[in-house]
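Notes follow once the structure below has been shown.
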Amino acid sequence: MVGGLFTVLRVAASVRHPQLFPDSETYNWLNFIGGQPRLWTVPLAYSLLPTAALREALQMALGVVAWGALARAVARSIESRLVGLIAVGLVLLLGLTPQIAVWDADMLSESIMVSLTVLLVAIGLELGRGPSLRTLATALTVGTLWVFARQENVLLYLPLLPVLIALAFWRLRLRAALIVSAVLLLVGGWASYSVLIGQSAPPANSVSVFNAGDLAVGRIVSNPAMRRYFQRDGMPVRLVTAAARLPQQDRAAASLVRNPRFRRWAATRFRGALASWLAGHPVQTLVAPFGSLLSAVALVPFDDGTPRAVLPTWVTGLVWTTDQRDTLTGLLLAAGLLGGCAALRRRPTHLAVLLILGAATCGATIVTFDLSTQDYARLFIPIGLALRLTLLLACALAADRLVASGGAPRGVTASVRPEDRQVVRSGA
């Protein structure tokens, strides 16, 4: 009944005329080794369906499945029935907020990206209860799709790769750990090639060239140190300065991209120059992004009008507030509850899920801020979601430890099928 009600409300919140944007066409071009502007997850999904209406239906269906899976995983991970009911209700409420549901009708990567993130968290909780062959296979499949959903995800995945391999050897038998590690390394190599080499030439680098123009007029030209650095690397500063005088940043970037001289520099020199600048200024690269985090995750990302509200604002505001002070309070509370979970001996694997989610949130903040200068309301949606999921799960797991009776959490034994027991390390 709860699942049916959530499905009806989610469809009611999401369904509208499909929204097309200037970037939407780039998701129609499919190439598995980076030969197009977008990596292949979203183009693959769109290639299976010929119309925008069917693609919207797919994104809504994926959202329903993802949030349903997360709610089920949360319920199965919590021993206290009362805490479990409250946690499941809040999880499903988060899936109904306008900030999440609005993307189902947009022909961009946000809807699929959010759904894959939610599915990964759900799978992580299930793995925390006891890994099985089916869960491991699902995790590797969904994880691969997530990595190739956005270029930024590749930059997050590569630093996390050693951690994931260490977790595999910690939780699995040697043979299973070796197989999983091999798959993880294969995905890392594939993704690295797609981003670093496969997207370095036209038409694949068209998005990179536009981002170069966007960063040039939005950040580089207004920072004297950056302007001098990029000028030494060949950036046509006079062209950028003239374009920056235009009233709208997106039009300024577009005017630069149309200029052959700037386009040639952006296609051949920009990525190397930006990487060199970021590596040479670690404080600005790693610390400055968090100065924009609270304001960015509190923005309301509705460029084409407010979406249909199926619940009162004060209800959805319980899980997605636009008040920066509330966001900061939530972050501090999440940090305290993480420590509380550890002190109360919450399952180490569940703590690992929360810590990885927190690390990915921090990494996404750095990557998103350093590589973009506008449209934070849209680009920070996955980050805002990850922050709220971290807080919600930390609250639920800490509360469960405080009120639960002794003994193993409900359903641990049932979560591992007899034919899958060989995957789990003895005594896990």
Side-chain angles (χ1 to χ4, degrees), residues 2-28 38-72 90-122 142 145-146 148-150 152-153 297 299-313 315-317 319-320 322 375-389:
V2 172
L5 178 61
F6 174 80
T7 301
V8 170
L9 291 176
R10 176 60 186 250
V11 171
S14 303
V15 66
R16 55 199 176 108
H17 186 74
Q19 304 295 305
L20 297 176
F21 300 86
D23 287 349
S24 296
E25 185 181 1
T26 61
Y27 293 100
N28 294 327
R38 308 295 179 180
L39 300 181
W40 57 262
T41 294
V42 178
L44 175 62
Y46 283 5
S47 70
L48 301 176
L49 300 168
T51 67
L54 289 175
R55 294 170 181 178
E56 179 186 4
L58 171 67
Q59 294 184 158
M60 285 191 292
L62 184 58
V64 169
V65 170
W67 287 98
L70 179 58
R72 182 174 182 270
L90 292 175
V91 163
L92 294 178
L93 179 60
L94 184 58
L96 292 174
T97 56
Q99 290 87 345
I100 295 297
V102 69
W103 301 107
D104 289 345
D106 292 349
M107 299 299 104
L108 298 169
S109 65
E110 275 68 31
S111 177
I112 292 177
M113 169 70 179
V114 165
S115 295
L116 291 174
T117 300
V118 171
L119 275 175
L120 276 181
V121 175
V142 174
L145 292 172
W146 180 87
F148 287 93
R150 274 183 172 179
E152 293 91 334
N153 292 1
V297 299
L299 292 170
V300 181
F302 309 139
D303 294 332
D304 55 343
T306 303
R308 184 183 300 107
V310 295
L311 295 172
T313 303
V315 175
T316 55
V319 291
W320 197 296
T322 56
D375 209 6
Y376 285 155
R378 176 174 66 88
L379 297 175
F380 269 74
I381 279 295
I383 300 171
L385 169 66
L387 281 173
R388 289 162 175 88
L389 281 179

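The structure displayed is predicted, hence computed values, not measured ones. As a basis for the values below, the full set of heavy atoms in this structure was taken, side chains included, without hydrogen atoms, waters or symmetry mates.
Looking at every heavy atom in both residues, Ala149 comes nearest to Val42 through O-CG2, 4.4 Å. When all heavy atoms are compared, the tightest approach of Glu56 to Ser14 is OE2-O, 3.6 Å. Counting all heavy atoms, side chain and backbone alike, Arg10 lies closest to Gly95 at NH1-O, 2.9 Å. Nearest heavy-atom pair across Val118 and Ala66 is CG1-O, 3.4 Å. Closest of all the heavy-atom pairs between Gln59 and Trp103 is NE2-O, 3.6 Å.
Side-chain contact check for Leu96 versus Val315: every heavy-atom pair is 4.5 Å or farther apart. In this structure, Leu108 and Ser24 have side chains that are in contact, with non-hydrogen atoms separated by less than 4.5 Å. Counting heavy atoms from C-beta on, the side chains of Leu62 and Leu119 come closer than 4.5 Å. Leu93 is not listed as a side-chain neighbour of Trp320, based on a closest heavy-atom distance of 4.5 Å or more. Side-chain contact between Pro382 and Arg150 is present, with at least one heavy-atom pair separated by less than 4.5 Å.
Salt bridge status for Asp106 with Arg55: absent, with no side-chain N to carboxylate O gap under 4.0 Å.
A distance of 6.5 Å separates CG in Asp104 from OG in Ser115, rounded to the nearest 0.5 Å. Of the inter-residue distances, the one linking Leu389 atom CG with Leu70 atom CG reads 6.0 Å to the nearest 0.5 angstrom. How far CZ of Arg388 is from CD1 of Ile100: 8.5 Å, rounded to the nearest 0.5 Å. Here CG of Leu92 is found 9.5 Å from OG1 of Thr7. Values are rounded to the nearest 0.5 Å. Between atom OH of residue Tyr46 and atom OG1 of residue Thr26 there is a gap of 10.0 Å, rounded to the nearest 0.5 Å.
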Going through the checks in order, is the side-chain contact (heavy atoms from CB on, under 4.5 Å) test met by Leu94 and Leu385? CA-CA 9 Å; Leu94 184 58; Leu385 169 66; 3.9 Å; yes
Criterion side-chain contact (heavy atoms from CB on, under 4.5 Å) on Val102 and Gln19, from CA distance to verdict: CA-CA 10 Å; Val102 69; Gln19 304 295 305; over 6 Å; no
Give the C-alpha distance, both sets of side-chain angles, the deciding distance and a yes or no for side-chain contact (heavy atoms from CB on, under 4.5 Å) between Val64 and Met60. CA-CA 6 Å; Val64 169; Met60 285 191 292; 5.6 Å; no
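Looking only at distances, no side-chain donor or acceptor of Arg38 sits under 3.5 Å from a matching main-chain atom of Pro43. At least one donor-acceptor pair closer than 3.5 Å links the side chain of Thr41 to the backbone N or O of Leu145.
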